[in-house]
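Just the heavy atoms: all of them, side chains too, but no hydrogens, waters or symmetry mates, feed the values below.
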Amino acid sequence: MEAIKIMISASEAMEKGIWEDIIILFGRDNDEEIWPNEEFILTEEQAIKLRLIK
């Protein structure tokens, strides 16, 4: 069985209200410059925890 990967952009994460969680997951800093279209790849487990998928 192949592992599922979920991609989310910084702007999508902000819209969904999970940006703070993304920062923590990826060890980023709030003061760091992030492009709105910068993408982050989540595992299926991470996406479930963030309620992006069921």
Please tell me if the side chains of [X] and [Y] come closer than 4.5 Å, counting only heavy atoms from C-beta onward.
X   : Y   : value
K5  : L42 : no
W19 : I8  : no
L25 : Q46 : yes

**Q.** Common cluster, I23/F26, ILVMFWY with side-chain heavy-atom separation under 4.5 Å
**A.**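 They do share one cluster, since a chain of ILVMFWY contacts under 4.5 Å joins I23 to F26.
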Q | Hydrophobic cluster partners of M7 (side-chain heavy atoms under 4.5 Å) | A |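 Other cluster members: I41.
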Q: Apply side chain to side chain donor-acceptor pair (under 3.5 Å) to E33 and list each qualifying residue two or more places apart in sequence or on a separate chain.
A: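 Per chain and number, E33 pairs via side chain to side chain donor-acceptor pair (under 3.5 Å) with no residue.
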Q) Can you name the residues that form a side chain to side chain donor-acceptor pair (under 3.5 Å) with S11, not counting sequence neighbours? A)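 Checked S11 against side chain to side chain donor-acceptor pair (under 3.5 Å); matches are S9.
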(Q) Tell me if a side-chain donor or acceptor on E32 pairs with a main-chain N or O of D29 at a distance below 3.5 Å. (A)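 A pair under 3.5 Å: yes.
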Can I get a per-line list of side-chain donor-acceptor pairs under 3.5 Å for residues 47-54, giving both atom names and the distance, sequence neighbours left out?
unit_1: K49; atom_1: NZ; unit_2: E45; atom_2: OE2; d: 3.4

Q | For E38, side-chain contact (heavy atoms from CB on, under 4.5 Å) partners two or more places apart | A |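 By the side-chain contact (heavy atoms from CB on, under 4.5 Å) rule, E38 matches R28, I34, W35, F40.
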Q. Among all residues two or more places apart in sequence or in another chain, which pass the salt bridge (Lys or Arg N to Asp or Glu O under 4.0 Å) test with E39?
A.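 For E39 there are no salt bridge (Lys or Arg N to Asp or Glu O under 4.0 Å) partners, ignoring immediate neighbours.
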Q. Between CG of N37 and CD of E12, what distance do you get to the nearest 0.5 Å?
A.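 Rounded to the nearest 0.5 Å, the CG-CD separation comes out at 10.0 Å.
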